[in-house]
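Residue numbers start from 1 in every chain, and the chains themselves are labelled A, B, ... in the order their sequence lines are given, proteins ahead of strands. Only a predicted model underlies this, so the values are computations on that prediction, with no experimental measurement involved.
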Number of protein chains: 4
Amino acid sequence: MSTEWERLSERLREFVRVRDWEQFHTPKNLAMALAGEVGELVAELQWLTPEESRDLDPDTLARVRAELGDVAGYLVRLADVLGVDLVEAAHAKLDESERRYDADSYRGSARKAPPLAP
Amino acid sequence: MSTEWERLSERLREFVRVRDWEQFHTPKNLAMALAGEVGELVAELQWLTPEESRDLDPDTLARVRAELGDVAGYLVRLADVLGVDLVEAAHAKLDESERRYDADSYRGSARKAPPLAP
Amino acid sequence: MSTEWERLSERLREFVRVRDWEQFHTPKNLAMALAGEVGELVAELQWLTPEESRDLDPDTLARVRAELGDVAGYLVRLADVLGVDLVEAAHAKLDESERRYDADSYRGSARKAPPLAP
Amino acid sequence: MSTEWERLSERLREFVRVRDWEQFHTPKNLAMALAGEVGELVAELQWLTPEESRDLDPDTLARVRAELGDVAGYLVRLADVLGVDLVEAAHAKLDESERRYDADSYRGSARKAPPLAP
């Protein structure tokens with residue numbers, strides 16, 4: 001795993017350990033926590049147009065940034081308890097998406113085939 | 001941003017650029033895509049007990065790993081279009097959680113105060 | 001509970017009973033299942049503009065309708081195992097929203113105060 | 001649509017109309033609002049065991065009931081703007097699930113085939 005993410009993972013691991021919270025941090029529970037935080041993130045953007053969401057006012061951006069931090073924290077923690085290397089997993093999915101959505105066929109289109117993959 | 005995540009961000013940026021998909025990748029749309037992928041991740045674990053979720057069979061773990069890759073990809077992409085440094089945002093939230101949940105008061109308890117923060 | 005929803009609840013109860021699935025249908029698991037189905041619903045609309053989402057092509061509408069059916073099914077089932085009357089709960093929240101968002105102050109605005117309540 | 005749900009739908013329609021919020025209530029935005037509320041519901045149950053979630057203390061149950069009300073409100077509203085009859089849609093999916101998961105093959109098992117459908 002990458003150095004910076006390994007460092008974040010370790011900090012989270014220690015944060016949880018000294019509070020004796022490992023008992024709560026099962027993959028199932030952490031997936032729920034992740035869903036809860038993503039729900040808060042989505043709620044910040046729900047009434048904005050797509051264009052407005054590109055140009056957030058400073059207060060909204062600060063709240064969105066905080067939610068992104070929560071989401072990243074739970075995601076890194078979940079990957080850690082499962083022993084999954086997040087960066088590798090993301091590259092592996094991107095390899096697959098590059099094969100599946102060749103640039104010529106899918107250029108400019110979210111209709112022909114929904115670009116489900118990033 | 002960290003070297004490894006900057007590299008993933010850049011690869012995603014290029015993947016999107018050559019397909020002319022920037023038009024779809026607004027923060028609003030990407031937050032929805034993130035919610036969709038987290039939904040798939042949650043669905044993998046929904047009928048398992050918390051204990052079972054700690055010890056996934058190889059097929060389930062492979063699917064969970066793929067979903068984690070999708071979630072990480074959309075999260076990194078969303079942070080990128082918003083200009084947010086994910087690692088910094090996660091550390092900032094963890095700073096806050098360390099102040100808010102002091103180890104002595106919250107040790108072993110998810111009841112007294114739900115440890116909403118990672 | 002309403003006649004029609006009581007009927008749906010009872011049908012779900014029987015569906016689960018004959019398959020001996022009550023053991024899986026805890027509130028926690030059903031909340032995850034609900035989140036998974038809502039994720040699928042969100043994914044159907046993620047790349048559309050808000051305007052496009054008002055005018056779905058027949059295939060997308062059919063898929064969205066099917067997802068709405070899944071979401072409704074899990075929601076009714078979750079309320080049933082918790083002994084909550086969904087219709088009453090929704091009216092109670094709407095009572096609260098009517099008090100909180102008086103029509104004159106919030107007319108036409110999703111900015112001043114996000115209309116989090118339906 | 002059923003009488004009770006038609007009544008709730010109509011009350012929501014009027015609530016939105018007098019506030020001039022129809023402009024925000026596109027299917028896309030309502031799907032996001034639904035995801036946000038489901039996230040709050042999931043968060044209430046995230047650290048509980050499945051067994052604990054069957055036997056909620058009165059405060060948690062009151063919060064869960066309120067979240068169920070929010071989820072039901074947005075779901076009914078979303079179905080309404082799309083012109084979908086929720087009760088019919090749920091029964092249609094249940095018809096399908098009865099065919100797909102015959103009772104003898106799937107009895108007692110969430111493993112052999114995840115009972116994704118209620």
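- With contacts defined as side-chain heavy-atom distances shorter than 4.5 Å, the pair D/Leu34/C/Val42 does not qualify.
- In this structure, the side chain of C/Arg65 does not engage the main chain of D/Val84 through any donor-acceptor pair within 3.5 Å.
- Between the OG1 atom of C/Thr26 and the CD atom of D/Glu52 there is a distance of 11.5 Å, given to the nearest 0.5 Å.
- Taken from CZ in D/Phe15 to CG in C/Asp95, the straight-line distance is 10.5 Å, to the nearest 0.5 Å.
- Taken to the nearest 0.5 Å, the CG atom of C/Leu45 stands 10.0 Å off from the CG atom of D/Leu30.
- Counting heavy-atom pairs closer than 4.5 Å to chain D, the top residue among C/Glu96, C/Arg11, C/Glu98, C/Glu67 is C/Arg11.
- Applying the side-chain contact (heavy atoms from CB on, under 4.5 Å) test to D/Glu51 and every residue at least two apart in sequence or in another chain returns D/Thr49.
- With respect to chain C, the highest number of heavy-atom pairs below 4.5 Å among D/Val71, D/Leu78, D/Leu68 belongs to D/Leu68.
- Looking at heavy atoms from C-beta onward, D/Glu88 lies out of side-chain contact with C/Glu4 at the 4.5 angstrom threshold.
- D/Arg19 meets the salt bridge (charged side-chain N to carboxylate O under 4.0 Å, His left out) test with no other residue; sequence neighbours excluded.
- Proximity to chain C (any heavy atom under 4.5 Å) is restricted, for D/Asp102, to the backbone atoms N, CA, C and O.
- C/Glu44 and D/Lys28 are not joined by a salt bridge, as no carboxylate oxygen comes within less than 4.0 angstrom of a charged side-chain nitrogen.
- Taking CG of D/Leu75 as the start and OH of C/Tyr74 as the end, the distance is 14.5 Å to the nearest 0.5 Å.
- Per-residue heavy-atom pair counts under 4.5 Å with chain C were compared for D/Ala92, D/Ala90, D/Gly36, and the maximum is reached by D/Ala90.
- Remark: C/Lys93 engages D/Asp70 in a salt bridge, criterion side-chain N to carboxylate O under 4.0 Å.
- Residue D/His91 holds its NE2 atom at 8.0 Å from CG of C/Leu12, rounded to the nearest 0.5 Å.
- Interface residue C/Glu22: only backbone heavy atoms are found under 4.5 Å from chain D.
- Of the residues considered (C/Leu41, C/Leu82, C/Leu56, C/Val64), C/Leu82 shows the highest number of contacts with chain D, using heavy-atom pairs under 4.5 Å.
- Using a 4.5 Å cut-off between heavy atoms, C/Leu61 contacts chain D through its side chain alone, with no backbone atom that close.
- For chain C, the option among D/Ala31, D/Pro50, D/Ala72 with the highest count of heavy-atom pairs below 4.5 Å is D/Pro50.
- Using a 30° and 60° split on the angle between ring planes, D/Tyr101 and C/Trp21 fall in the perpendicular class, above 60°.
- Rounded to the nearest 0.5 Å, atoms CG (D/Asn29) and OG (C/Ser53) are 7.0 Å apart.
- Of the atoms belonging to C/Val81, not a single heavy atom falls under 4.5 Å from chain D.
- Side chain of C/Arg54 to backbone of D/Pro27: no donor-acceptor contact under 3.5 angstrom is found.
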